[in-house]
Amino acid sequence: MLSEYKVNLYFSESESETIFVKAENLEKAIFDVSKMIEDKKVVVKPEGHYAKGYNMGLVKTYHISAK
């Protein structure tokens with residue numbers, strides 16, 4: 001069963017965003033987020049009538065917690 005994890009992405013000291021990742025466990029969530037950063041994946045987050053894209057290659061650090 002997949003659990004949802006809250007991921008705070010920190011691009012710089014003044015810029016951060018929150019996304020949610022589904023994974024089997026915390027270790028898998030960490031692996032998935034690390035892989036997205038390594039692959040410089042663009043994550044699209046719907047926000048009302050528009051969507052925001054984040055280049056994971058620009059993430060400096062991140063924090064994962066259970067939702």
Minimum side-chain heavy-atom gap Glu17-Val43 below 4.5 Å: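 Not in contact.
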
Of all the heavy-atom pairs spanning [X] and [Y], show the shortest one and how long it is.
X     : Y     : answer
Lys60 : Phe11 : CG-O, 3.0 Å
Ala51 : Val44 : CB-CG1, 3.5 Å
Asp32 : Lys22 : OD2-O, 4.3 Å
Ser16 : Tyr10 : CB-CD2, 3.5 Å
Tyr5  : Ala29 : CD1-CB, 3.7 Å
Leu2  : Glu24 : CD2-N, 3.6 Å

Linking I/L/V/M/F/W/Y whenever any side-chain heavy atoms sit under 4.5 Å apart, do Leu26 and Ile37 land together?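 The answer is yes; both residues are in one hydrophobic cluster.
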
Is atom [atom1] of [X] surrounded by more than 12 heavy atoms (other residues, nucleotides or ligands) closer than 6.0 Å?
X     : atom1 : result
Glu13 : CD    : no
Lys45 : NZ    : yes
Phe31 : CZ    : no

Distance (rounded to the nearest 0.5 Å) between Lys35 NZ and Met56 CE: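 Separation between the atoms: 12.5 Å.
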
To the nearest 0.5 Å, how far apart are CD in Glu15 and CG in Leu9?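 That separation rounds to 10.0 Å.
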
The test is side chain to side chain contact (heavy atoms under 4.5 Å, CB included); show your working for Met36 and Val21 and say whether it passes. CA-CA 11 Å; Met36 286 191 285; Val21 173; 4.1 Å; yes

Checking the side chain of Asp39 only, and the main-chain atoms of Lys41 only, is there a donor and an acceptor separated by less than 3.5 Å?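 Here the side-chain-to-backbone pair does not exist.
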
